[in-house]
Number of protein chains: 2
Amino acid sequence: MRTVNALPERPLQAAPVDTGFLESLIGYNARRAALAIIGHVLQRLQPYGLRVVEFSVLTVIAHNPGVTSRQVCAALDILPPNLVGLLRRLEQRGLIEKRAHPGDRRAQGLYVTDAGAHLQAQAQQAVAAVECSDVTHLDAAERATLIALLRKVYQGPAAA
Amino acid sequence: MRTVNALPERPLQAAPVDTGFLESLIGYNARRAALAIIGHVLQRLQPYGLRVVEFSVLTVIAHNPGVTSRQVCAALDILPPNLVGLLRRLEQRGLIEKRAHPGDRRAQGLYVTDAGAHLQAQAQQAVAAVECSDVTHLDAAERATLIALLRKVYQGPAAA
DNA sequence: TATTGTTATACTCTATAACTATA
DNA sequence: TATAGTTATAGAGTATAACAATA
């Protein structure tokens, strides 16, 4: 039995509340874990002036030169109208550029500029650092297990 | 080597995109899994006219009779101003009620009405059904492992 | 001086309808 | 007829500042 009482006095707010049922749900726990980790990612990306979605988009473009808007949308579950503003900001900052798509004049290929590639590489290192056990509280084996189970949940049994 | 081509024709959108780095991150996978599962929860709650947050609040009140607003906020990571409207709607629907708090005239205890208790119990059954393997693609052991690892991530090593 | 509950407000994120140009 | 990209807009969700009543 612990006598946790780091707080002075102990206001109403601090009294324990039973959230047992919610804590038994995968959705509840996955959401809390995602918010916690993404909060750390947010902080690490701040020096680069990137939000989490912007980093995701920049990373997909960097790793897939010539990818189209629709492909980015499909890969990241972003709706096309919501990607327009994101791409515009990244383009205005000189991080990406659009070029004519060979073979389909409706589409346009997306490419990172040299500056975009440089920023993405630095940001990727910063983001990867969040996976360390100091932040995740997991060792390498636990982390691998967790990711495999999460992929199974949202990709189905087909998840590798 | 697979030749996956269930789609007719194959528009640009369907071409595969490398998201390898993102898929190696706990935050990315936890977010996708949470969105997938919570999407199912959303559907199951629709017959009861409850959003996910509303169900969470109703559940905490049902399991903690007399709980205060601030305690609900602390338990569910909701900011006090954002809880006001939620409670007002639940109260107007006759699902909860506020009573004077014994010993602190600033606070008010929250209680479910009979109708609220009935609705919450039904909704809880519907939500619990989402945990089945048909939806989560996990067996009981995998599910237990996943939840334990997720709690470790957002609660730290102190997670039971 | 600090806490409870509240209003007003702003900002982000997500979602839908509809348009254009190409296929 | 369907797809790629875009505009405009509506709706959630989330955030801060500031207030009255009470501790």
Side-chain angles (χ1 to χ4, degrees), chain A residues 7-15 17 31-32 34-35 38-39 42 45-46 50-57 61 66-91 96-110, chain B residues 7-15 17 31-32 34-36 38-39 41-42 45-46 50-57 61 66-91 96-110:
Chain A
L7 296 169
E9 301 308 324
R10 183 186 299 233
L12 274 180
Q13 189 187 132
V17 171
R31 179 158 191 277
R32 306 264 325 212
L35 288 175
I38 291 175
L42 194 72
L45 286 176
Q46 218 156 1
L50 291 174
R51 287 175 300 162
V52 177
V53 206
E54 290 171 334
F55 170 73
S56 300
V57 171
I61 296 173
V67 72
T68 68
S69 283
R70 298 308 273 229
Q71 286 175 310
V72 174
C73 285
L76 297 179
D77 258 336
I78 298 175
L79 292 171
N82 298 330
L83 185 64
V84 176
L86 278 170
L87 293 181
R88 182 160 41 217
R89 271 186 294 276
L90 293 176
E91 195 180 14
I96 65 167
E97 61 184 19
K98 301 174 179 175
R99 300 185 206 157
H101 192 287
D104 191 334
R105 282 186 299 172
R106 293 172 304 181
Q108 46 197 351
L110 300 170
Chain B
L7 296 170
E9 300 307 324
R10 185 188 297 229
L12 274 179
Q13 188 189 133
V17 172
R31 180 158 190 276
R32 304 269 318 217
L35 288 175
I38 291 175
V41 173
L42 194 73
L45 286 176
Q46 216 156 4
L50 291 174
R51 287 176 299 163
V52 177
V53 204
E54 290 170 334
F55 169 73
S56 300
V57 171
I61 296 173
V67 70
T68 68
S69 283
R70 299 307 273 229
Q71 286 175 310
V72 173
C73 285
L76 297 179
D77 258 336
I78 297 175
L79 291 171
N82 298 329
L83 186 64
V84 176
L86 278 168
L87 293 180
R88 182 159 42 217
R89 272 187 294 277
L90 293 176
E91 194 180 16
I96 67 166
E97 61 182 20
K98 301 174 179 176
R99 300 185 205 156
H101 191 285
D104 192 333
R105 281 186 299 170
R106 293 172 304 180
Q108 46 198 348
L110 300 170

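Proteins get letters first, then strands, A, B, ... in listed order; numbering begins at 1 in each.
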Salt bridge (charged side-chain N to carboxylate O under 4.0 Å, His left out) against [X], all qualifying residues, sequence neighbours excluded:
| X | result |
| --- | --- |
| B:R105 | none |
| B:R88 | none |
| A:R99 | A:E97 |

Between [N] ([atom2]) and [X] ([atom1]): distance, integer Å:
| X | N | atom1 | atom2 | answer |
| --- | --- | --- | --- | --- |
| A:D77 | C:dA15 | CG | C1' | 13 Å |
| B:L42 | C:dT14 | CG | P | 14 Å |
| B:L35 | C:dC13 | CG | C1' | 12 Å |
| A:L83 | C:dA15 | CG | P | 14 Å |
| B:I38 | C:dT14 | CD1 | P | 13 Å |
| B:L79 | C:dA8 | CG | C1' | 15 Å |
| A:N82 | C:dT16 | CG | P | 11 Å |

To the closest 0.5 Å, what do you measure between [atom1] ([X]) and [atom2] ([Y])?
| X | Y | atom1 | atom2 | value |
| --- | --- | --- | --- | --- |
| A:N82 | A:C73 | CG | SG | 8.5 Å |
| A:L110 | A:L83 | CG | CG | 7.5 Å |
| A:R89 | A:I96 | CZ | CD1 | 11.0 Å |

If you take any heavy atom closer than 4.0 Å to DNA chain D, which residues from residues 98-110 of chain A end up in contact?
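Within residues 98-110 of chain A, the residues near DNA chain D are A:K98, A:R106, A:A107, A:Q108.
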
Check this one for me: any side-chain N or O of B:R88 less than 4.0 Å away from OP1 or OP2 of C:dT7?
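Result: yes.
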
Closest non-hydrogen atom pair between A:L50 and A:L45, with its separation
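That closest heavy-atom pairing would be O-CB, 3.3 Å.
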
Which residue, B:P81 or A:T68, contacts DNA chain D at a nucleotide closer to its 5' end, judged by nearest heavy atom?
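Checking each residue's closest nucleotide, the 5'-ward one belongs to A:T68.
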
Span of DNA chain D in contact with chain A (heavy atoms, under 4.0 Å):
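Range of nucleotides within reach of chain A: D:dA2 to D:dT14.
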
Which pairs count as side chain to side chain donor-acceptor pair (under 3.5 Å) when at least one residue sits in residues 68-80 of chain B, sequence neighbours excluded?
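Side chain to side chain donor-acceptor pair (under 3.5 Å) check on residues 68-80 of chain B returns A:R32-B:D77, B:T68-B:Q71.
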
Mind checking B:R31 for me? I need base, sugar-phosphate or nothing, with any heavy atom below 4.0 Å counting as a touch.
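Here B:R31 touches the backbone only, sparing every base.
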
Side-chain contact, heavy-atom cut-off 4.5 Å: B:I38 with B:L35?
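When only atoms from C-beta onward are counted, B:L35 and B:I38 do not touch, as no gap falls below 4.5 Å.
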
